[in-house]
Amino acid sequence: MRDLHVLRGRVWLFGDNVDTDQIIPGRYLTILDYSEMARHAMEPLRPDFASEVRRGDIILAGRDFGSGSSREEAPMVLRELGISCVIAETFSRIFFRNAINVGLPAFALHYSAPLVAEGAELEVHPEKGYAVVVETGEPLEFEPLPPFLMGLLRAGGAVEKFVADGGMDWEAIEEGTD
Amino acid sequence: MAEKVLESHVVRGTVRPGKFIVARVDRLMVHEVLGSRVIPLLDRMGVTRVWDPEDIVVVNDHWAPAPDIRSAVIHRRNRQFVSEHGIPHFFDVGKGICHQVLPEAGLARPGELIVGCDSHTNTYGAFNAFATGLAATDSAVIIATGKCWFRVPESIRVEIEGEFPEMVTSKDLILRVIGELGTDGANYMAVEFHGGLVDRMSVASRMTTCNMSVEAGAKTAMMGVNDAVREWLKRRAPGADWDAVEPDEDAEYYRVMRIDLSEEELGPMVAGPYLPTNVRPVSVYEGIRIDQAFLGSCTNGRLEDIALAAQVMEGHRVHRSVRFIVTPASREVYLEALRAGYIEALTEAGAVVTNPTCGACVGGHLGVLAGNEVCISTSNRNFRGRMGDRESQVYLASPATVAASAVTGKITDPRSVV
Ligand code: SF4
């Protein structure tokens, strides 16, 4: 079980419309080994990203993060590199879905993100629905995820949850929703 | 409409926009992602039996035939999986692009809930199905259980009236629509297309329209059943019983958009790099020199697209500094185009006609771009690096505009060539 009370890490800033072809270009999709594939993460946008990123780092992005292809490899390579969570103004639907499914926490602000310096330390409280820039105390607020999705994240993704529970516990979807 | 399909498939939860539900799916489409990603997940989950072999469709189409060893291995894994589990609907290399071959086989029907591990699964909305894309983990869970979680989408209604002017197609129309919506204008939502023009549209044009709705973020796109679809289903899914869904009179919409082509003058539209929603009238980009023109993909690789290109090319040759690549969407399309003489005409005019595959669209093979090269393409995405080098540039347009540009060597309004 992953502890999702507090996540802490350095911020990598990305702008609007980071599509999945930027996160992992199509031509690398036939690489079967994720650690090898992850070396090409964000290559078109930030060729230094994969080599510079540290475990625990956080991505802070603008609108519509992860648009485009349905490739699950996009959140997978970020998870593989140790990104602890992605915070974006909004997410593209499929990326959000895939992120949760593979156990990469993704939180949508639904407003314009405040200015945060690249490399700033961020403390994220997934269950409470906010993050703060450690140095300045600047808050970022988001809607906490429904319990069913948090359950998938804590397990490390839908597959891990399936393995742990010996099948899919679909009933949990109604918990905590009215 | 979308809610109605979910309503008839829900197993847990309340079907209301914004709510999370669990629903059973009628069909799952998986392509190379099965071999590369899903099978390892199924192994990890200990799944040895699939939920229903009849309802899983497997296609080898993205890198077909295999351009390298890695894709060959993935294709072989898919073949093994299909024979191990007795999956009858398997479309191997050469049959065509998933979103074309499923409908051809009568496997996209009204009122169905279809999911595919590919974002352009929205295409089947042309047949009144609720069809949406997801990925490997979802596919693995569906293969095991036949069910999937969904967030119930809000709906956007797009009303389209009037007729297409000469050399203007459903591609120009959908580019115009997503240009207005923006990349996330329909994020998470179901887009419904209604109106006289949609009723009169060919099956192919309907597919083009639904296909590109995902570029505005749409979870699904749906159209009512028209005569062309009824005809199609009679021929391709004889005996299948289906129930069409229609919106309620008092259905609520997040947004309503009205387009009347008898009032608004729609011309050829082009999406510039690096966003499919970066749409302008062709005149804005006219004159930009191109290195490659690509006609193909699940957006515009069908017979009417190839016919239109052949019509534009008539009496012309492909410009000497342009590679004009034509990739039919399926073997059926290829054969029809062959019989109609289009393949011969295009080849004689200097085009390269390839086998059916995703090919250049995904930057996989058969037309990959070098740095700084410019391509005009009938496909659906022009993200940085999509069709090759990160410094290459892709403009998206209709088959007519692509063919006209192939003739002149620069982005060209097809009305000035014909
Ligand atoms: S043709 Fe292009 S967009 Fe369509 S399924 Fe293939 S790769 Fe995807």
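So that the names make sense, note that chain A is the first sequence line, chain B the second, and so on, each numbered from 1. Source: prediction; values computed, not measured.
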### Query
Is it the backbone or the side chain of B:Ala136 that comes under 4.5 Å from a heavy atom of chain A, or both, or neither?
both
#### Entry: Option in B:Gly116, B:Ala140, B:Gly13, B:Gly182 with maximal non-hydrogen atom pairs under 4.5 Å from chain A
B:Gly13
### Task
Heavy-atom distances under 4.5 Å only: say whether B:Cys361 touches chain A with side chain, backbone, both or neither.
neither
### Message
So A:Glu80 and A:Ser35, do their side chains get closer than 4.5 Å, heavy atoms only?
### Response
yes
### Message
Please rank B:Met45, B:His62, B:Arg384, B:Arg386 by heavy-atom pairs under 4.5 Å with chain A and give me the top one.
### Response
B:Met45
### Query
Given that the side chain runs from C-beta out, which part of B:Val11 has a heavy atom under 4.5 Å from chain A: side chain, backbone, both or neither?
neither
### Task
Would you kindly say whether A:Glu141 and A:Tyr111 are connected by a side-chain donor-acceptor distance under 3.5 Å?
no
### Message
Counting heavy-atom pairs closer than 4.5 Å to chain B, which one of A:Leu45, A:Leu29, A:Val102 comes out on top?
### Response
A:Leu29
### Interface moiety of A:Thr90 toward chain B, non-hydrogen atoms closer than 4.5 Å
side chain
### Message
Is it true that, when you exclude A:Glu118 itself, more than 12 heavy atoms of the residues, nucleotides or ligands shown sit nearer than 6.0 Å to its CD?
### Response
yes
### Summary
Looking only at A:Gln22, A:Arg27, A:Arg71, A:Arg97, most heavy-atom pairs under 4.5 Å shared with chain B are made by A:Arg97
#### Entry: ring-ring contact (aromatic ring centres under 6.0 Å, His included) between A:Phe95 and A:Phe65, worked out
CA-CA 8 Å; A:Phe95 181 90; A:Phe65 187 83; 5.1 Å; yes
### Message
Shorter than 4.5 Å, heavy atoms on both sides: which option in A:Thr20, A:Val159, A:Ile94 has the most such pairs with chain B?
### Response
A:Val159
### Query
Taking side chain as C-beta onward, heavy atoms only, is A:Pro139 less than 4.5 Å from A:Tyr130?
no
### Task
Counting only heavy atoms closer than 4.5 Å, note whether B:Asp184 contacts chain A via side chain, backbone, both or neither.
both
### Message
Which residue is it: A:Asp19, A:Asp16, A:Asn17? I am looking for the one with a side chain to side chain contact (heavy atoms under 4.5 Å, CB included) to B:Thr183.
### Response
A:Asn17
### Query
Do you see a donor-acceptor pair shorter than 3.5 Å between the side chains of B:Ser36 and B:Arg77?
no
### chain B contact via A:Leu149 - side chain, backbone, both or neither, heavy atoms under 4.5 Å
side chain
### Task
Provide the closest heavy-atom pair for B:Tyr274 versus B:Asn278 in the form atom of the first, atom of the second, distance.
N-ND2, 4.4 Å
### Message
Is A:Glu160 in contact with chain B via its backbone, its side chain, both, or neither, using a 4.5 Å heavy-atom distance?
### Response
side chain
### Task
Among B:Gly217, B:Pro40, B:Cys148, B:Gly46, single out the residue with the greatest number of heavy-atom pairs under 4.5 Å to chain A.
B:Cys148
### chain A contact via B:Ile21 - which portion, at a heavy-atom distance below 4.5 Å
backbone
### Atom group of B:Asp138 that falls short of 4.5 Å from chain A, counting heavy atoms
both
#### Entry: For chain A, the option from B:Ile74, B:Val22, B:Thr132 that forms the most heavy-atom pairs under 4.5 Å
B:Val22
#### Entry: When B:Glu32, B:His365, B:Lys147, B:Glu215 are compared by non-hydrogen pairs under 4.5 Å with chain A, the top option
B:Lys147
### Summary
Okay, A:Leu32 and chain B: the region with an atom under 4.5 Å from a heavy atom over there is both
### Query
According to the interplanar angle, ranging from 0 to 90°, do the rings of B:His120 and B:His99 count as parallel (below 30°), tilted (30 to 60°) or perpendicular (above 60°)?
perpendicular
### Heavy-atom proximity to chain A below 4.5 Å, by part of B:Leu134
both
#### Entry: Heavy-atom pair count under 4.5 Å with chain B, highest-scoring of A:Ser67, A:Pro25, A:Ser92, A:Gly26
A:Ser92
### Task
Measure up the A:His40 and A:Tyr28 rings against each other and bin them: parallel (under 30°), tilted (30 to 60°), perpendicular (over 60°).
parallel
### Query
Distance under 6.0 Å and angle within 45° of the ring axis: does B:Arg37 meet both against A:Tyr34?
yes
### Query
Is it the case that B:Thr137 and A:Asn101 place a side-chain donor and acceptor less than 3.5 Å from each other?
no
### Query
Any chance the side chains of B:Asp118 and B:Thr121 put a donor and an acceptor closer than 3.5 Å?
no
### Task
Examine whether an atom of B:Arg12 lies under 4.5 Å from a heavy atom of chain A, and if so say whether it belongs to the side chain, the backbone or both; otherwise answer neither.
both
### Message
What part of B:Val141 gets within 4.5 angstrom of chain A, counting heavy atoms only: side chain, backbone, both, or neither?
### Response
side chain
